[in-house]
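Below you'll find the structure, written out as structure tokens, and then a few comments.
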Amino acid sequence: AYETLNTMMDAASLELATIDAPAHSLNIILSIDRGNSHPAYTVPLDSPSSFGAWAAVHGREVFLDDVETNYARYIRQLEPPRSANARFGSLISVPMFAKGSVVGVMAVGSYRKNAFTAYHLDMLKSLGLYIAATIATSLSIGVVTFTAFRFLTGMGIGGEYAAINSAIDELIPARVRGCVDLGINGGYWIGTALDAVLSAVLLDPRVLGHALCCRAAFRLGAGLALG
């Protein structure tokens, strides 16, 4: 997802976080900045300087085209930059929902101001819906919940493809539009093939047992969305 997002937007940073309700914290499980992966870390949900925590608590997206000027719409203070020229200029943070509550947050950041548009926000919301619904499917307790979560997963896929193809038409120069379109839409089938191969292993009851094999396969699908 990081490489694909950078094809469509200036997403220098990508983070994915899950909520730990008992600990009242946000666990950042994936953090990539300028192509480099960083260790997981935790942020309190009542942090006065975390856009992700604000999105998780309020259940609404954060959209900033000038972080330094407009941060006070969401948080009380800005964290000091990690290094010179490391302050984000633009940022989007989107809550992910499952079973009617926020289960995680996905965020992208750019070091340029005015780097994101409504197209980019729609893409992230659709991707977040797909990831959250796929993970929720792995936690299904019966046919009804399984069907409901797969329906939401389909909505996420449909919304993502509509947003991406619309953005390709609007933002990608005509001379390379076909290659970008083929690369992104063709990537779906590459992911499907990888999922099929790995599922053949995971669905073998001798590997994880009947109780866990299907759940692990669905979580793998969510992981491939970020791969």
Do [X] and [Y] have side-chain heavy atoms sitting under 4.5 Å apart?
| X | Y | value |
| --- | --- | --- |
| H120 | V108 | no |
| D33 | H38 | yes |
| V105 | T18 | no |
| I19 | L45 | yes |
| V62 | L64 | yes |
| M96 | V102 | no |
| P44 | H24 | no |

- request: In sequence, state the C-alpha distance, the side-chain angles, and the governing distance for F97 and V103, and then conclude on side chain to side chain contact (heavy atoms under 4.5 Å, CB included).
  value: CA-CA 6 Å; F97 292 87; V103 296; over 6 Å; no
Counting distance only, does the side-chain N/O of [X] pair as donor-acceptor with the main-chain N or O of [Y] below 3.5 Å?
| X | Y | answer |
| --- | --- | --- |
| S140 | G142 | no |
| S37 | I32 | no |
| S126 | D122 | yes |
| R87 | E79 | yes |

query: Side chains of N27 and T42: donor-acceptor distance under 3.5 Å anywhere?
result: yes
[atom1]/[X] to [atom2]/[Y] distance, rounded to the nearest 0.5 angstrom?
| X | Y | atom1 | atom2 | value |
| --- | --- | --- | --- | --- |
| F51 | Y74 | CZ | OH | 8.5 Å |
| L14 | I92 | CG | CD1 | 11.5 Å |
| L127 | L16 | CG | CG | 9.0 Å |
| S49 | R76 | OG | CZ | 9.0 Å |
| R112 | D65 | CZ | CG | 11.5 Å |

field: Ring-ring centroid check F63 F116, cutoff 6.0 Å
entry: no
Specify the closest pair of heavy atoms between [X] and [Y], including all atoms of both residues, with the distance to one decimal.
| X | Y | answer |
| --- | --- | --- |
| E15 | S31 | OE2-OG, 3.2 Å |
| A55 | S93 | CB-OG, 3.8 Å |
| A17 | L26 | CB-CG, 3.7 Å |
| T69 | D66 | OG1-OD2, 3.0 Å |
| I75 | Q77 | CD1-O, 3.1 Å |

- line: Residue set satisfying salt bridge (Lys or Arg N to Asp or Glu O under 4.0 Å) with D20, at least two apart, ordered chain then number -> none
query: Excluding sequence neighbours, so at least two apart, what forms ring pair (Phe, Tyr, Trp, His ring centres under 6.0 Å) with F146?
result: F218
- request: Quick one: list whatever passes ring pair (Phe, Tyr, Trp, His ring centres under 6.0 Å) with Y71, sequence neighbours left out.
  value: none
task: Run the numbers on L121 and V94 for side chain to side chain contact (heavy atoms under 4.5 Å, CB included), then give the verdict.
output: CA-CA 8 Å; L121 177 60; V94 176; 4.0 Å; yes
- prompt: Would you call the rings of F88 and Y111 parallel, tilted or perpendicular if under 30° counts as parallel and over 60° as perpendicular?
  reply: tilted
